[in-house]
Amino acid sequence: MNAIQRKIIHVDCDCFYAAIEMRDDPSLREVPLAIGGRPETRGVVATCNYVARRFGVHSAMASARALRLCPELVILPPDMARYRLASQQIMAIYQRYTELIEPLSLDEAYLDVSGRPHEQGSATRMAEAIRRQIRDEVGITASAGIAPNKFLAKVASDWNKPDGQFLVRPQDVDAFVAALPVEKVHGVGKVTAERLHRLGIHSCGDLRRWTPADLFRHFGRFGEQLLAMAHGMDERPVSPDRSRKSISVEETYAQDLPDLPSCLSKLPELVERLQARLARNGNPEFKGLSVKLKFDDFSQTTVEQLGQVLSMPVFGQLLRTGFARGARPVRLLGVGVKLADEHDLPRQLRLFDRHGRPLPDSALPTDAVEAALRDQQGG
């Protein structure tokens with residue numbers, strides 16, 4: 001007997017923080033708008049509207065650089081109370097259709113609607129109804145992807161942004177994925193994409209022609225994931241009960257970092273990206289910092305320490321400790337935080353104050369910001 005075909009919807013609100021601001025102040029709709037910290041407080045962009053994106057502004061970018069790209073950019077501090085209220089309204093809409101909801105952030109979630117009776121069992125119609133109710137009840141737009149698994153649903157939700165949706169039917173998966181650029185594969189960032197391109201791999205169809213052994217030689221265990229997704233396979237379930245324990249960012253480098261100083265030079269950019277990701281996730285309270293290293297022989301180590309603010313000196317010390325464990329070239333670096341639960345720590349410090357300014361201990365040193373900007377401008 002065949003199992004029920006999974007129907008997964010990935011819903012992603014369009015420029016969520018900026019959308020809330022434009023909803024509440026219509027005069028902002030036609031101007032380039034970003035939400036984040038001010039450049040004088042070494043802030044970063046959490047998100048921006050589509051007008052600003054036409055100038056090259058994007059999330060995780062230093063606000064100072066965003067203003068250089070777009071001098072007319074309006075930068076507003078985040079108002080997390082309003083964003084969380086909107087998020088609660090959106091989650092209540094999802095719950096009308098399924099209890100299998102896996103939130104990824106305040107504005108993004110997977111929904112498993114397999115076997116659900118709503119809209120005559122049509123996932124496409126359910127996605128349309130969800131988007132319509134978000135627009136009518138919350139006052140912002142959302143995009144959606146519908147597919148047999150999470151990987152394809154997330155790709156599809158980006159296909160017709162903003163305010164659109166895209167369906168990948170089971171019978172269309174093979175052809176759809178074969179033509180998909182490798183940049184769309186889950187886990188493939190800019191550097192990994194460049195490495196794939198140098199190997200002559202530009203699409204998932206190209207990936208399929210490689211053997212598992214050859215992909216492992218170039219990408220380690222990630223090669224197995226690449227090959228599976230190149231065939232449109234993703235067995236990850238929608239996990240509503242999964243409690244997120246950490247938030248992190250990482251980068252695999254096209255050329256191995258040969259020594260400790262070269263690793264340290266990459267920290268500012270990674271920490272700024274982490275800062276932006278935390279902002280996108282509502283600036284959750286955290287209780288620990290971590291640094292992850294993967295060496296050129298594919299061995300890896302993670303170093304952790306208690307901490308309640310982002311601190312460049314602490315990240316630097318964790319990196320030094322981790323590097324000493326391998327003392328060999330590094331192919332991947334990551335930084336992250338361990339999230340606190342309600343029983344952890346009597347008082348937690350947040351990334352931003354109520355005016356959207358980074359707290360003093362979390363602000364990056366000036367030379368670190370400049371290093372990050374140079375990295376961004378060069379790559």
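Hydrogens, waters and symmetry mates play no part in the numbers below; they use all other heavy atoms, side chains included.
- Here the closest non-hydrogen pair linking D256 and P329 is CB-CB, 3.9 Å.
- The CD1 atom of I134 lies 5.0 Å from the SG atom of C13; values are rounded to the nearest 0.5 Å.
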request  = Could you walk me through whether I140 and I90 pass side chain to side chain contact (heavy atoms under 4.5 Å, CB included), step by step?
outcome  = CA-CA 10 Å; I140 62 175; I90 293 165; 4.2 Å; yes
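- Checking side-chain atoms of R65 against main-chain N and O of V57 turns up no donor-acceptor pair under 3.5 Å.
- By the 4.0 Å N-to-carboxylate-O rule, K161 lies too far from D158 to be salt-bridged with it.
- Heavy atoms only, all atoms of each residue included: L100 and P240 are closest at CD2-CG, 3.9 Å.
- Here the shortest heavy-atom pairing between C15 and M22 reads SG-CE, 4.1 Å.
- Without hydrogens or angle criteria, D206 side chain to H202 main chain gives a donor-acceptor distance under 3.5 Å.
- Within the 3.5 Å criterion, the main-chain N or O of D259 finds a donor-acceptor partner in the side chain of S262.
- The shortest distance between side-chain heavy atoms of C48 and R53 falls below 4.5 Å.
- Listed for the R328 side chain is no donor-acceptor partner under 3.5 Å among the backbone atoms of F295.
- No more than 12 heavy-atom neighbours from other residues, nucleotides or ligands sit within 6.0 angstrom of NZ on K338.
- The number of heavy atoms from other shown groups lying within 6.0 Å of CE (M233) does not exceed 12.
- Using a 4.5 Å heavy-atom threshold, the side chains of R195 and T252 count as touching.
- With hydrogens and angles ignored, the 3.5 Å screen pairs no side-chain donor or acceptor of S246 with any backbone N or O of V337.
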message = Set out, in order, the CA-CA distance, both residues' side-chain angles and the distance that settles side chain to side chain contact (heavy atoms under 4.5 Å, CB included) for E304 and L318, then state yes or no.
response = CA-CA 7 Å; E304 299 178 337; L318 294 176; 6.0 Å; no
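- Between F151 and H186, the ring center distance fails the sub-6.0 Å criterion.
- When side chains are defined from C-beta on, D112 does not count as touching P237, because their heavy atoms never get closer than 4.5 Å.
- For the pair R23 (side chain) and V138 (backbone), a donor-acceptor distance under 3.5 Å is present.
- More than 12 heavy atoms of other residues, nucleotides or ligands lie within 6.0 Å of CZ in R217, so this atom counts as buried by the packing criterion.
- Counting only heavy atoms from C-beta outward, the side chains of L339 and E285 never approach each other to under 4.5 Å.
- Atoms OH and OG, on Y17 and S59 in that order, are 11.0 Å from each other to the nearest 0.5 Å.
- Rounding to the nearest 0.5 angstrom, the gap separating the CG atom in L180 from the CE atom in M229 is 11.5 Å.
- Of the inter-residue distances, the one linking K150 atom NZ with I9 atom CD1 reads 14.5 Å to the nearest 0.5 angstrom.
- Here the closest non-hydrogen pair linking L73 and L67 is O-CD2, 3.7 Å.
- A donor-acceptor pair shorter than 3.5 Å cannot be found between the side chains of Y83 and Q88.
- Contact check for L333 versus L319: side-chain heavy atoms found under the 4.5 Å cut-off.
- A 4.5 Å side-chain heavy-atom check between L226 and F219 finds at least one atom pair inside the cut-off.
- Remark: the backbone N or O of G316 is paired with a side-chain donor or acceptor of R320 at under 3.5 angstrom.
- I247 and V271 fall within the same hydrophobic cluster, defined by Ile, Leu, Val, Met, Phe, Trp and Tyr side-chain heavy atoms under 4.5 Å apart, directly or through other members.
- One distance of note links CG of L111 with CZ of R116; it measures 10.5 Å at 0.5 Å rounding.
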message = Quick one, K154 with E108, criterion salt bridge (charged side-chain N to carboxylate O under 4.0 Å, His left out). Give me CA distance, side-chain angles, the key distance, then yes/no.
response = CA-CA 10 Å; K154 187 170 177 64; E108 182 182 5; 2.5 Å; yes
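- A single hydrophobic cluster is not seen to contain both Y253 and I201; linkage of ILVMFWY side chains at heavy-atom distances under 4.5 Å, directly or through other members, places them apart.
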task = Starting from the C-alpha separation in whole Å, work towards a yes-or-no answer on side chain to side chain contact (heavy atoms under 4.5 Å, CB included) for D296 and V330.
result = CA-CA 6 Å; D296 63 346; V330 171; over 6 Å; no
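- Taking the six-membered ring for Trp and the full ring otherwise, F176 and W159 have centroids separated by under 6.0 Å.
- Under a 4.0 Å N-O distance rule, the pair R208/D174 qualifies as a salt bridge.
- Once rounded to the nearest 0.5 Å, the distance linking CG of D79 with CD1 of I20 reads 10.0 Å.
- Side-chain contact check for T124 versus Q165: some heavy-atom pair is nearer than 4.5 Å.
- Residue F216 is not grouped with residue F222 when hydrophobic side chains (ILVMFWY) are merged at heavy-atom distances under 4.5 angstrom, including chains of intermediate members.
- With hydrogens and angles ignored, the 3.5 Å screen pairs a side-chain donor or acceptor of T321 with a backbone N or O of Q317.
- Tracing side-chain contacts under 4.5 Å through hydrophobic residues (I, L, V, M, F, W, Y), one reaches L152 starting from V188; they form part of the same cluster.
- Pairing each heavy atom of L28 with each of N49, the nearest pair is O-ND2, 3.9 Å.
- Linking ILVMFWY side-chain heavy atoms closer than 4.5 Å, directly or via other members, places I35 and V31 in a single hydrophobic cluster.
- Heavy atoms of other residues, nucleotides or ligands lying less than 6.0 angstrom from CZ of R221 number 12 at most.
- V291 is not listed as a side-chain neighbour of T301, based on a closest heavy-atom distance of 4.5 Å or more.
- For the ring-ring contact (aromatic ring centres under 6.0 Å, His included) test with H10, the passing option among Y110, Y94, F166 is Y110; the others fail.
- Annotation for E72: atom CD does not count as buried by contact number, only 12 or fewer foreign heavy atoms lying within 6.0 Å.
- Between the side chain of K292 and the backbone N or O of S248 there is no donor-acceptor pair closer than 3.5 Å.
- Not a single donor-acceptor pair under 3.5 Å links the side chain of R96 to the backbone N or O of I130.
- The two atoms that bring N149 and R6 nearest to each other are CB-NH2, 3.7 Å, heavy atoms only.
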request  = Begin from the C-alpha positions of Q89 and I93 and carry the test side chain to side chain contact (heavy atoms under 4.5 Å, CB included) through to its verdict.
outcome  = CA-CA 7 Å; Q89 293 175 285; I93 292 171; 5.6 Å; no
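- Residue-environment remark: CD (Q255) stays at or below the threshold of 12 foreign heavy atoms within 6.0 Å.
- S143 and D163 share no side-chain donor-acceptor pair at under 3.5 Å.
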